[in-house]
Amino acid sequence: MPLEIKEVEEEKVTRLIIQKTMEDWLKIADVDVIIVGAGPSGLTAAMYTAKAGLRTVLFERRLSFGGGMGGGGMQFHKIIVESPAEKILEDAGCRMESLENGLFIVDAAEMMAKLASKAIDSGAKIILGVTVDDVIYRDNPLRIVGVVIQWSSVVMARLHVDPLGIKARAVVDCTGHDAEVLSVASKKIPELKISVLGEKSMWTSKAEKLTVEGTREVCPGLFAAGMAVAAIDQTPRMGPIFGGMLLSGAKVAQLVVNKLLGEKALKVAPIDF
Ligand code: 48F
């Protein structure tokens, strides 16, 4: 058979893209879980909240996922993960090499791709090129009920364009070292009494432990995972070891699932927290 490529009119392509995008956005306007940031903690969190059946959307500022994973350790393309976080990579179908003393090593590109792929296959919707620049709140009781979003390209061009609001039952800040969602909430809603003091200098083991321990619902409706935890707790950074990020993402998913599903909540990750 000779190769026969289908003919298509330009306006048809345009109409289909707009129609199908809008079908998605009508669902995204109000979801169960919003995760901000597609680094290791955000992708892990999305993978497990979606697996639990929660309608999950992940907004990522850049046009690619992976966050700090792509840079590996000073751009060497290997990432170290310590036990028990390898169980999360196994869940994602990621190949790794077992080293001594419960350490595992994985290719950065594979870890990024497999975590994102698993999150998507579990049902999470990842939207790239969108920046979360504020939260939506209510009082009596004081709580976070969603986020304010803008195209990253609009933010970069410094255009004055009013953003849109997206509602959710849980918002998770996985924006990394700057804890951007917590930071804006702390400045604009002082009665939340959140401070973002920034992380401390490097101390790998302590940082990993404290990041996972500090993963929590910071105020009603707003959760922190990954390096955002270090930023609010002023705990150390860990450098290019990523077990704590995976465990923090899995823990926050379990906290969100427990809160939203109550008695129906199941254990979502192969780890006990
Ligand atoms: O920085 P990032 O990878 O955060 P993480 O999950 O992991 C930290 C590690 O990569 C590493 C480390 C541990 O070994 O120290 O640095 O805590 O991913 C954060 C993602 O969030 C996006 C950002 O582009 C990145 O991909 N992001 C940040 N702010 C926003 C955002 C925002 N306001 N809106 C949308 N996305």
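Numbering of ligands and ligand atoms starts at 1, following listing order.
A salt bridge links D272 and K267; the closest N-O separation between the charged side-chain nitrogens and carboxylate oxygens is under 4.0 Å. Between K209 and E213, at least one side-chain N (NZ, or NE/NH1/NH2) sits under 4.0 Å from a carboxylate O, which counts as a salt bridge. At a threshold of 4.0 Å, the pair E90-K87 does not count as salt-bridged, since none of the basic side-chain nitrogens sits closer than that to a carboxylate oxygen.
Taking all heavy atoms of E180, M227, M112, R62 into account, the minimum distance to atom 12 (C) of ligand 1 is reached by M227. The nearest non-hydrogen atom to atom 15 (O) of ligand 1, considering only H177, M202, E60, R237, comes from H177. With atom 4 (O) of ligand 1 as the reference point, the heavy atom nearest to it among G71, A230, G176 is part of G176.
For G239, a nitrogen or oxygen atom sits less than 3.5 Å from a nitrogen or oxygen atom of ligand 1, counting backbone and side chain alike. Geometrically, ligand 1 and M238 share no nitrogen or oxygen pair separated by less than 3.5 Å. Geometrically, ligand 1 and A228 share no nitrogen or oxygen pair separated by less than 3.5 Å. In terms of polar-atom proximity, defined here as any N/O pair under 3.5 Å, G68 does make such a contact with ligand 1. Taking distance alone, with nitrogen or oxygen atoms compared against 3.5 Å, V36 stays at or beyond that limit from ligand 1. The shortest N or O to N or O distance between S41 and ligand 1 is under 3.5 Å.
The closest donor-acceptor contact from the side chain of E110 to the backbone of K114 lies at 3.5 Å or more, if one exists at all.
Sparse packing is recorded around CE of M74, with 12 or fewer heavy atoms of other residues, nucleotides or ligands lying under 6.0 Å away.
Using cut-offs of 30° and 60° on the angle between ring planes, the pair W25 and F59 is parallel.
Atom CG of residue D107 and atom CE of residue M96 lie 12.0 Å apart, to the nearest 0.5 angstrom.
Under 4.0 angstrom from ligand 1, the non-hydrogen atoms of C174 all belong to its backbone. Only the backbone of F59 comes within contact range of ligand 1, with a heavy atom under 4.0 Å; no side-chain atom does.
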